[in-house]
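Some notes on the structure that comes next.
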Amino acid sequence: MSGTGTASGPRVEDERSLPLRSGEDVVRLRQAVRERAVATGFSLVDQTKIVTAASEIGRNTIQYGGGGEVRIAVIANGTRRGVRLEFRDSGPGIADVEQALKDGFTTGGGLGLGLSGARRLSDEFHIDSAPGRGTQVTLVRWKPF
Amino acid sequence: MERIPILRMGRFLLVTIQVDMHDQLAMTLQDDLTQRIVRDRARGVLIDISSLDVVDSFIGRMISNIASMSRVLDAQTVVVGMQPAVAITLVELGLELPGVRTALNVEKGMALLQSAVD
(Lines give C-alpha, C1' and ligand atoms only; values in the text may rest on other atoms or scores of the structure.)
Protein backbone atom coordinates (compact mmCIF):
# COMPACT_ATOMS: atom_id res chain seq x y z
CA MET A 1 0.00 0.00 0.00
CA SER A 2 1.30 3.44 -0.87
CA GLY A 3 1.85 5.89 1.95
CA THR A 4 0.26 8.69 -0.03
CA GLY A 5 -2.80 6.72 -1.10
CA THR A 6 -4.37 6.45 -4.53
CA ALA A 7 -6.80 8.70 -6.34
CA SER A 8 -9.74 6.75 -4.89
CA GLY A 9 -8.37 5.70 -1.49
CA PRO A 10 -7.80 7.81 1.60
CA ARG A 11 -4.45 9.40 2.40
CA VAL A 12 -2.55 7.59 5.17
CA GLU A 13 -1.11 10.08 7.64
CA ASP A 14 0.35 7.75 10.21
CA GLU A 15 0.51 3.98 10.32
CA ARG A 16 1.99 1.43 12.64
CA SER A 17 1.71 -2.33 13.20
CA LEU A 18 1.25 -4.28 16.37
CA PRO A 19 1.51 -8.03 16.86
CA LEU A 20 -1.55 -9.85 18.23
CA ARG A 21 -0.46 -12.97 20.06
CA SER A 22 -1.62 -12.66 23.67
CA GLY A 23 -4.16 -11.02 25.94
CA GLU A 24 -1.57 -8.38 26.82
CA ASP A 25 -1.31 -7.52 23.11
CA VAL A 26 -5.05 -6.73 23.13
CA VAL A 27 -4.46 -4.30 26.02
CA ARG A 28 -1.64 -2.65 24.02
CA LEU A 29 -3.94 -2.52 20.98
CA ARG A 30 -6.64 -0.72 22.98
CA GLN A 31 -4.08 1.82 24.23
CA ALA A 32 -2.63 2.42 20.74
CA VAL A 33 -6.07 2.88 19.17
CA ARG A 34 -7.08 5.24 21.98
CA GLU A 35 -3.95 7.36 21.33
CA ARG A 36 -4.73 7.61 17.60
CA ALA A 37 -8.40 8.40 18.23
CA VAL A 38 -7.44 11.18 20.65
CA ALA A 39 -4.85 12.56 18.19
CA THR A 40 -7.51 12.57 15.46
CA GLY A 41 -9.82 14.64 17.66
CA PHE A 42 -12.48 12.00 18.34
CA SER A 43 -15.05 12.71 21.07
CA LEU A 44 -14.91 10.50 24.16
CA VAL A 45 -17.87 8.43 22.90
CA ASP A 46 -16.27 7.95 19.47
CA GLN A 47 -12.94 7.00 21.11
CA THR A 48 -14.74 4.44 23.25
CA LYS A 49 -16.57 2.97 20.26
CA ILE A 50 -13.50 2.38 18.11
CA VAL A 51 -11.41 1.11 21.04
CA THR A 52 -14.20 -1.36 21.91
CA ALA A 53 -14.49 -2.50 18.27
CA ALA A 54 -10.69 -2.95 18.17
CA SER A 55 -10.79 -5.03 21.34
CA GLU A 56 -13.44 -7.36 19.88
CA ILE A 57 -11.66 -7.97 16.58
CA GLY A 58 -8.21 -8.18 18.20
CA ARG A 59 -9.47 -10.93 20.49
CA ASN A 60 -10.96 -12.78 17.49
CA THR A 61 -7.61 -12.58 15.66
CA ILE A 62 -5.97 -14.34 18.61
CA GLN A 63 -8.74 -16.73 19.62
CA TYR A 64 -9.94 -17.86 16.19
CA GLY A 65 -7.10 -16.83 13.88
CA GLY A 66 -4.30 -18.19 16.05
CA GLY A 67 -2.72 -14.74 16.27
CA GLY A 68 -1.71 -12.20 13.66
CA GLU A 69 -1.17 -8.50 13.42
CA VAL A 70 -3.03 -5.22 13.20
CA ARG A 71 -2.16 -2.05 11.29
CA ILE A 72 -3.46 1.12 12.87
CA ALA A 73 -3.67 4.15 10.59
CA VAL A 74 -4.86 7.71 10.81
CA ILE A 75 -6.41 8.42 7.41
CA ALA A 76 -7.78 11.48 5.64
CA ASN A 77 -10.22 11.83 2.81
CA GLY A 78 -10.29 15.46 1.77
CA THR A 79 -10.83 17.33 5.02
CA ARG A 80 -12.33 14.28 6.74
CA ARG A 81 -10.12 12.32 9.14
CA GLY A 82 -10.57 8.92 10.66
CA VAL A 83 -8.91 5.87 12.15
CA ARG A 84 -8.54 2.68 10.14
CA LEU A 85 -7.72 -0.73 11.62
CA GLU A 86 -6.63 -3.67 9.50
CA PHE A 87 -6.47 -7.04 11.26
CA ARG A 88 -4.81 -9.98 9.55
CA ASP A 89 -4.34 -13.59 10.58
CA SER A 90 -3.40 -16.78 8.78
CA GLY A 91 -5.81 -18.96 10.69
CA PRO A 92 -8.44 -21.38 9.36
CA GLY A 93 -10.62 -18.59 7.92
CA ILE A 94 -14.37 -18.17 8.10
CA ALA A 95 -16.50 -20.49 5.96
CA ASP A 96 -19.71 -18.44 6.16
CA VAL A 97 -19.03 -14.74 6.77
CA GLU A 98 -22.74 -13.85 6.68
CA GLN A 99 -23.48 -16.31 9.49
CA ALA A 100 -20.45 -15.15 11.51
CA LEU A 101 -21.82 -11.60 11.40
CA LYS A 102 -25.13 -12.56 13.03
CA ASP A 103 -25.70 -11.54 16.63
CA GLY A 104 -25.30 -14.52 18.92
CA PHE A 105 -23.37 -16.71 16.48
CA THR A 106 -20.28 -18.21 18.12
CA THR A 107 -18.04 -21.20 17.74
CA GLY A 108 -15.96 -20.27 20.76
CA GLY A 109 -18.37 -20.23 23.68
CA GLY A 110 -18.60 -16.43 23.85
CA LEU A 111 -21.61 -14.20 23.44
CA GLY A 112 -21.32 -14.00 19.66
CA LEU A 113 -21.25 -10.21 19.74
CA GLY A 114 -17.65 -9.64 18.65
CA LEU A 115 -17.98 -9.32 14.88
CA SER A 116 -21.56 -8.05 14.76
CA GLY A 117 -20.99 -5.59 17.58
CA ALA A 118 -17.74 -4.29 16.08
CA ARG A 119 -19.54 -3.75 12.77
CA ARG A 120 -22.22 -1.67 14.53
CA LEU A 121 -19.48 0.41 16.19
CA SER A 122 -17.76 1.15 12.86
CA ASP A 123 -18.62 3.43 9.93
CA GLU A 124 -17.00 1.05 7.44
CA PHE A 125 -16.51 -2.66 8.00
CA HIS A 126 -15.14 -5.27 5.65
CA ILE A 127 -14.24 -8.95 6.11
CA ASP A 128 -12.14 -10.86 3.63
CA SER A 129 -11.94 -14.53 4.55
CA ALA A 130 -12.20 -18.03 3.17
CA PRO A 131 -11.34 -21.47 4.56
CA GLY A 132 -7.58 -21.93 4.57
CA ARG A 133 -6.86 -18.32 3.55
CA GLY A 134 -6.95 -16.62 6.95
CA THR A 135 -9.05 -13.60 7.77
CA GLN A 136 -8.61 -9.91 7.16
CA VAL A 137 -10.96 -7.48 8.89
CA THR A 138 -10.82 -3.78 8.05
CA LEU A 139 -12.78 -1.20 9.96
CA VAL A 140 -12.90 2.57 9.80
CA ARG A 141 -14.43 5.14 12.05
CA TRP A 142 -14.56 8.73 10.77
CA LYS A 143 -14.53 11.80 12.92
CA PRO A 144 -17.93 13.46 12.42
CA PHE A 145 -17.83 16.95 10.93
CA MET B 1 0.57 -13.58 39.66
CA GLU B 2 -1.22 -10.34 38.86
CA ARG B 3 -4.59 -10.01 40.64
CA ILE B 4 -7.37 -7.50 41.25
CA PRO B 5 -7.68 -7.01 45.04
CA ILE B 6 -10.95 -7.95 46.75
CA LEU B 7 -11.76 -6.09 49.97
CA ARG B 8 -14.23 -7.21 52.62
CA MET B 9 -16.56 -4.73 54.29
CA GLY B 10 -18.82 -6.53 56.75
CA ARG B 11 -21.10 -8.79 54.77
CA PHE B 12 -20.00 -7.37 51.44
CA LEU B 13 -17.06 -7.75 49.08
CA LEU B 14 -15.74 -4.69 47.32
CA VAL B 15 -13.79 -4.68 44.06
CA THR B 16 -12.42 -1.61 42.34
CA ILE B 17 -11.08 -2.34 38.88
CA GLN B 18 -8.38 0.23 38.19
CA VAL B 19 -6.38 -1.37 35.40
CA ASP B 20 -7.11 -2.18 31.78
CA MET B 21 -7.66 -5.90 32.29
CA HIS B 22 -6.42 -8.52 29.87
CA ASP B 23 -8.75 -11.49 29.52
CA GLN B 24 -6.87 -13.83 31.86
CA LEU B 25 -6.91 -11.21 34.61
CA ALA B 26 -10.69 -10.89 34.22
CA MET B 27 -11.09 -14.67 34.44
CA THR B 28 -8.94 -14.76 37.58
CA LEU B 29 -11.10 -12.07 39.18
CA GLN B 30 -14.23 -14.07 38.38
CA ASP B 31 -12.76 -17.19 40.01
CA ASP B 32 -11.37 -15.31 43.02
CA LEU B 33 -14.68 -13.56 43.70
CA THR B 34 -16.66 -16.78 43.53
CA GLN B 35 -14.33 -18.40 46.06
CA ARG B 36 -14.36 -15.37 48.35
CA ILE B 37 -18.18 -15.25 48.40
CA VAL B 38 -18.19 -18.75 49.85
CA ARG B 39 -15.17 -18.36 52.13
CA ASP B 40 -16.30 -15.01 53.61
CA ARG B 41 -20.02 -15.94 53.55
CA ALA B 42 -20.56 -12.68 51.72
CA ARG B 43 -24.11 -11.53 51.00
CA GLY B 44 -23.21 -8.95 48.40
CA VAL B 45 -20.57 -7.96 45.86
CA LEU B 46 -19.96 -4.39 44.75
CA ILE B 47 -17.88 -3.89 41.60
CA ASP B 48 -16.69 -0.35 40.92
CA ILE B 49 -15.89 0.11 37.21
CA SER B 50 -15.60 3.92 37.27
CA SER B 51 -11.95 3.71 36.17
CA LEU B 52 -12.72 1.47 33.19
CA ASP B 53 -12.83 3.40 29.94
CA VAL B 54 -13.69 0.31 27.89
CA VAL B 55 -16.05 -2.59 28.60
CA ASP B 56 -16.07 -5.01 25.68
CA SER B 57 -18.06 -8.23 25.31
CA PHE B 58 -15.51 -10.25 27.27
CA ILE B 59 -15.54 -7.96 30.31
CA GLY B 60 -19.33 -7.70 29.96
CA ARG B 61 -19.62 -11.46 30.04
CA MET B 62 -17.39 -11.60 33.11
CA ILE B 63 -19.68 -9.11 34.90
CA SER B 64 -22.76 -11.16 33.94
CA ASN B 65 -21.08 -14.36 35.07
CA ILE B 66 -20.15 -12.88 38.46
CA ALA B 67 -23.75 -11.73 38.95
CA SER B 68 -25.12 -15.18 38.05
CA MET B 69 -22.65 -17.09 40.21
CA SER B 70 -23.17 -14.85 43.20
CA ARG B 71 -26.94 -15.23 42.86
CA VAL B 72 -26.56 -19.01 42.97
CA LEU B 73 -24.40 -18.55 46.09
CA ASP B 74 -27.07 -16.37 47.75
CA ALA B 75 -25.27 -13.06 47.24
CA GLN B 76 -26.28 -9.94 45.33
CA THR B 77 -24.08 -8.11 42.84
CA VAL B 78 -24.14 -4.41 42.08
CA VAL B 79 -21.99 -2.76 39.41
CA VAL B 80 -21.35 0.93 40.00
CA GLY B 81 -19.77 3.90 38.28
CA MET B 82 -20.11 3.00 34.61
CA GLN B 83 -18.89 5.91 32.50
CA PRO B 84 -21.54 7.36 30.13
CA ALA B 85 -19.41 6.70 27.02
CA VAL B 86 -19.04 3.07 28.12
CA ALA B 87 -22.81 2.73 28.63
CA ILE B 88 -23.53 4.17 25.16
CA THR B 89 -21.00 1.83 23.56
CA LEU B 90 -22.27 -1.25 25.44
CA VAL B 91 -25.80 -0.75 24.19
CA GLU B 92 -24.60 -0.30 20.59
CA LEU B 93 -22.42 -3.39 20.96
CA GLY B 94 -25.59 -5.29 21.87
CA LEU B 95 -24.65 -6.09 25.45
CA GLU B 96 -27.45 -5.54 27.92
CA LEU B 97 -26.00 -7.16 31.05
CA PRO B 98 -29.19 -9.05 31.92
CA GLY B 99 -29.66 -9.67 35.62
CA VAL B 100 -26.95 -7.22 36.64
CA ARG B 101 -27.97 -4.51 39.09
CA THR B 102 -26.32 -1.15 38.61
CA ALA B 103 -25.99 2.04 40.61
CA LEU B 104 -24.46 5.40 39.82
CA ASN B 105 -21.76 5.37 42.50
CA VAL B 106 -20.34 3.38 45.40
CA GLU B 107 -22.59 5.06 47.99
CA LYS B 108 -25.79 4.29 46.09
CA GLY B 109 -24.52 0.79 45.34
CA MET B 110 -23.86 0.06 49.01
CA ALA B 111 -27.35 1.33 49.90
CA LEU B 112 -28.83 -0.97 47.26
CA LEU B 113 -26.94 -3.96 48.65
CA GLN B 114 -27.99 -3.11 52.24
CA SER B 115 -31.65 -2.95 51.28
CA ALA B 116 -31.39 -6.17 49.24
CA VAL B 117 -30.05 -8.29 52.09
CA ASP B 118 -31.91 -6.76 55.07
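Here the structure is a predicted model, which means the values were calculated and not measured.
Heavy atoms from other residues, nucleotides or ligands lying under 6.0 Å from CZ of B:Arg41 number 12 at most.
Both the backbone and the side chain of B:Glu92 come within less than 4.5 Å of a heavy atom of chain A. Neither the backbone nor the side chain of A:Arg119 comes within contact range of chain B; no heavy atoms are under 4.5 Å apart. Neither the backbone nor the side chain of B:Val19 comes within contact range of chain A; no heavy atom of the residue lies under 4.5 Å from a heavy atom of that chain. Residue contact with chain B, scored on non-hydrogen atoms closer than 4.5 Å, is absent for A:Ala53. Looking at B:Leu95, both its backbone and its side chain come within 4.5 Å of chain A, counting heavy atoms on both sides.
Atom-to-atom distance recorded for B:Gln24:CD and A:Ser22:OG is 11.5 Å, nearest 0.5 angstrom. Rounding to the nearest 0.5 Å gives a distance of 11.0 Å between NZ of A:Lys49 and CG of B:Leu93. Atom OG of B:Ser57 sits about 10.0 Å away from atom CG of A:Leu115, to the nearest 0.5 Å. In this structure, CG in B:Asp20 is found 7.5 Å from OG in A:Ser55, a value given to the nearest 0.5 Å. If you take OG1 on A:Thr48 and CG on B:Leu52, they are separated by 11.5 Å, rounding to the nearest 0.5 Å.
Each of B:Ile47 and B:Leu14 belongs to its own hydrophobic cluster when Ile, Leu, Val, Met, Phe, Trp and Tyr are linked at side-chain heavy-atom distances under 4.5 angstrom. With hydrophobic clusters built from ILVMFWY side chains whose heavy atoms lie under 4.5 angstrom apart, A:Leu44 does not share a cluster with B:Ile49. A:Phe125 and A:Val51 fall within a single hydrophobic cluster, where Ile, Leu, Val, Met, Phe, Trp and Tyr are joined by side-chain heavy atoms under 4.5 Å apart, directly or via other members. A:Ile127 and A:Leu20 fall within a single hydrophobic cluster, where Ile, Leu, Val, Met, Phe, Trp and Tyr side chains are chained together by heavy-atom contacts under 4.5 Å. With hydrophobic clusters built from ILVMFWY side chains whose heavy atoms lie under 4.5 angstrom apart, B:Val117 shares a cluster with B:Val80.
When A:Glu56, A:Gln31, A:Glu24, A:Gln47 are compared by the number of non-hydrogen pairs under 4.5 Å with chain B, A:Glu56 comes out ahead. Between chain B and the options A:Thr52, A:Asp25, A:Val26, heavy-atom pairs under 4.5 Å are most frequent for A:Thr52.
Side-chain contact between A:Arg30 and B:Asp56 is present, with at least one heavy-atom pair separated by less than 4.5 Å.
With salt bridges taken as basic N to acidic carboxylate O contacts below 4.0 Å, one links A:Arg34 and B:Asp53.
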(message) One pair to check against side-chain contact (heavy atoms from CB on, under 4.5 Å): B:Thr89 and A:Leu121. What are the steps and the verdict?
(response) CA-CA 8 Å; B:Thr89 302; A:Leu121 294 170; 3.9 Å; yes
